[in-house]
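Read through the structure below, which is laid out as structure tokens, and then see the notes.
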Amino acid sequence: MITMEGKSVFSGVAIGPVAIFTKADTQVRRESIEDPEAEIARYHQATEEAKDQLQVLYDKALKEVGEESAFLFQSHQLMLDDLDYVESVENIIRTQKTNAEYAVATTGDNMAEIFAMMDDAYMKERAADVKDVTNRVVGILSGAGSAGMHATEPSILLADDLAPSETVQLDKSLVLSFVTRHGSTNSHTAILARTMNIPALIGVDYPEDCEGKMAIVDGAIGKIFIEPDEQTLNEYKKKKAEEEEKAALLEQLKGQENITKDGRKINLYANIGGVKDVASVLENDAGGIGLFRSEFLYLESDTYPTEEEQFAAYRKVAEMMAGKKVIIRTLDIGADKQVDYFELDKEDNPALGYRAIRICLTREEVFKTQLRAIYRASHYGTVSIMFPMIISLDEVKKCKDMAALVQKELDVEGIPYGDVELGIMIETPAAVMISDELAKEVDFFSVGTNDLTQYTLAIDRQNPKLDDFYDSHHPAILRMLKMIVDNAHAGGAWAGICGELGADTTLTEEFLRMGFDELSVSPSMILRVREAVRNTDLSK
């Protein structure tokens, strides 16, 4: 038995085989070859294998997300047969007597550059498709395979680290636990683990030869046991059974009100990253969705999601929630959430850089497309819009102006929409200090405690070396929270918390005493927070 320690991100017990997340090796080396025709045959064989992979992806997407989204994989298959592409690869192999990997990579780079230089927006977007298809063929030729978790049964996922763009592609039904070498307790992998209610560890230097071996993760004490002995395995099977029994007791709280012993009510909503998370929201009996992280629609796509694609996603969530509130946060990329086709410049300090509302206000077509989709979806449920990373009144007014413009356009086009509340995330000290003025401009505040803590304490929450200094209970944070809710109410707005701190049941009573109207947490935490609310007596 091998025992390794790490830092706990989320507690709980997981028992299952290990699956190691692999990243594709995209480095291509140029090599001389003796037989060009044999190399061309190898290229065509790889192309056929790529087509087979794409057909599997097409069939899967067709069932899960519909024909429109699945068409991408069909178009990639057609791209592999493009005569210009094929002739270029064959010509490079024959004339330069070089390996197929180099010929494919060179062709892909050249064609992607041609598409990127075109004036037509649609053709520009094809550059990303060419790169994707090229990387797939190169991966097959080099034997690197595709990046991801290659498992056929629920497994404990081990990885160096996981970017948001990688987590969205995981088959989450196969993930029992996350264990990473790097990362932070406040990373998006950590947030995903809490959303999924599965144990997670960071800072574990696991061996490379443990693929497929039985393992146990104990999120409470931050340990992973690989190939556990019989005694350890039996102990943890018993511990897991006890956890499941406690979860069953919490199930009895479904259908109960979020009300304190002395009669104070609070709204308890859930945070989600996409349409698939709604099932967990309903299963855990949340009163609504307090944070729909819309950026995951962009992270899952190879190019800018169209208005129709976004409308379909927002509408589906609104319909599934059947009139319960759905708060959609507008695009929040940048910093650790990078999207290749946005072509954002590399920044020395991305957390303080070009991100979130700053991108939307300077790329108005992207912003306007998203707002149109949200307003159209609001006709099918109770939808609100929330703008992130606000630091000034001027930003709020520009957001409201764009919303008004979208409404006018929809009126002219005869497209119906609902009554949409507009709110902002309070996640910068600047927003806290002018929250009395901001409250007069919006319908609600939602506090993003993760970033508010980061900016207030001058701590990069993605830096694992600073985890011990990251104190979300810091007196400065708690005083700011009280200031926010007081100023919101004075200005006629309601106030909630959608950051990770909202799920901290050691602070639930304090949040209630401060006067917060709503807490939005990971779906898996709804019943635990409800239990904390119902056990609170504010009259004492």
Side-chain angles (χ1 to χ4, degrees), residues 1-27 29 135 138-140 142-240 243 336 462-468:
M1 179 172 74
I2 301 173
T3 303
M4 291 170 289
E5 291 192 28
K7 184 172 289 186
S8 175
V9 168
F10 195 69
S11 63
V13 173
I15 303 173
V18 166
I20 296 180
F21 184 93
T22 56
K23 294 180 184 283
D25 182 6
T26 56
Q27 187 174 3
R29 294 178 178 84
N135 288 338
V138 169
I140 293 168
S142 65
S146 57
M149 171 187 179
H150 307 293
T152 56
E153 61 180 315
S155 305
I156 292 168
L157 179 61
L158 273 56
D160 277 343
D161 198 4
L162 290 167
S165 57
E166 292 169 332
T167 62
V168 299
Q169 297 175 52
L170 292 172
D171 182 346
K172 296 174 183 64
S173 67
L174 297 178
V175 183
L176 297 173
S177 170
F178 289 116
V179 178
T180 63
R181 283 199 176 103
H182 309 294
S184 159
T185 53
N186 298 292
S187 68
H188 281 274
T189 306
I191 292 172
L192 179 60
R194 290 189 276 266
T195 299
M196 294 172 63
N197 195 27
I198 60 175
L201 310 178
I202 60 170
V204 178
D205 191 17
Y206 58 84
E208 293 291 348
D209 61 349
C210 58
E211 179 89 35
K213 293 180 179 179
M214 179 59 64
I216 298 169
V217 173
D218 187 334
I221 62 173
K223 287 186 177 181
I224 177 172
F225 306 90
I226 296 177
E227 294 189 308
D229 55 46
E230 188 174 350
Q231 181 182 347
T232 303
L233 184 59
N234 288 335
E235 286 175 0
Y236 272 97
K237 283 182 178 178
K238 183 179 178 182
K239 189 171 182 179
K240 186 166 178 59
E243 282 189 349
D336 63 319
Q462 301 299 327
N463 186 341
K465 292 181 180 178
L466 300 177
D467 280 350
D468 291 339

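All values reported here derive from a predicted model rather than from experimental measurement. Just so you know, these numbers use all the heavy atoms, side chains as well, and skip hydrogens, waters and symmetry mates.
When all heavy atoms of G212 and P17 are compared, the pair lying nearest together is O-CB, 4.0 Å. Closest approach of S155 to A19, counting heavy atoms only: CB-CB, 3.8 Å. Of all heavy-atom pairs spanning A14 and L176, the tightest one is CB-O, 3.7 Å.
By the side-chain contact (heavy atoms from CB on, under 4.5 Å) test, E230 is found to be paired with N234, residues two or more places apart in sequence or in another chain being considered. Residues that satisfy the salt bridge (charged side-chain N to carboxylate O under 4.0 Å, His left out) test with K239, not counting sequence neighbours, are D218. Looking at residues two or more places apart in sequence or on another chain, you find a side-chain contact (heavy atoms from CB on, under 4.5 Å) between I198 and V175, F178, A193, M196. With sequence neighbours left out, the ring pair (Phe, Tyr, Trp, His ring centres under 6.0 Å) criterion links F225 to Y236. Partners of D209 by side-chain contact (heavy atoms from CB on, under 4.5 Å), not counting sequence neighbours, listed by chain and number: P207, K213. Every residue two or more places apart in sequence or in another chain that forms a side-chain contact (heavy atoms from CB on, under 4.5 Å) with D205 is listed here: R181.
Of the possible polar contacts, none joining the T232 side chain to the P228 backbone as a donor-acceptor pair under 3.5 Å is found.
T180 has its side chain out of reach of L158: every pair of non-hydrogen atoms, C-beta onward, lies at least 4.5 Å apart. Within the 4.5 Å cutoff, no side-chain heavy atoms of K7 are placed close to those of L201. With a 4.5 Å cut-off on side-chain heavy atoms, E5 and V204 do not count as touching.
Atom NZ in K240 sits 11.0 Å away from atom CD1 in I216 (nearest 0.5 Å). In this structure, the separation between CG on D160 and CD1 on I20 is 9.5 Å, given to the nearest 0.5 Å. Distance check, rounded to the nearest 0.5 Å: CD1 of I202 to CZ of F10 gives 15.0 Å.
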Would you check, one step at a time, whether the test side-chain contact (heavy atoms from CB on, under 4.5 Å) holds for V179 with V217?
-> CA-CA 8 Å; V179 178; V217 173; 3.8 Å; yes

Show your reasoning for whether side-chain contact (heavy atoms from CB on, under 4.5 Å) applies to M1 and E227.
-> CA-CA 5 Å; M1 179 172 74; E227 294 189 308; 5.7 Å; no

Apply side-chain contact (heavy atoms from CB on, under 4.5 Å) to L157 and S177, showing your working.
-> CA-CA 6 Å; L157 179 61; S177 170; over 6 Å; no

Taking it one step at a time, do M4 and I226 satisfy side-chain contact (heavy atoms from CB on, under 4.5 Å)?
-> CA-CA 8 Å; M4 291 170 289; I226 296 177; 3.3 Å; yes

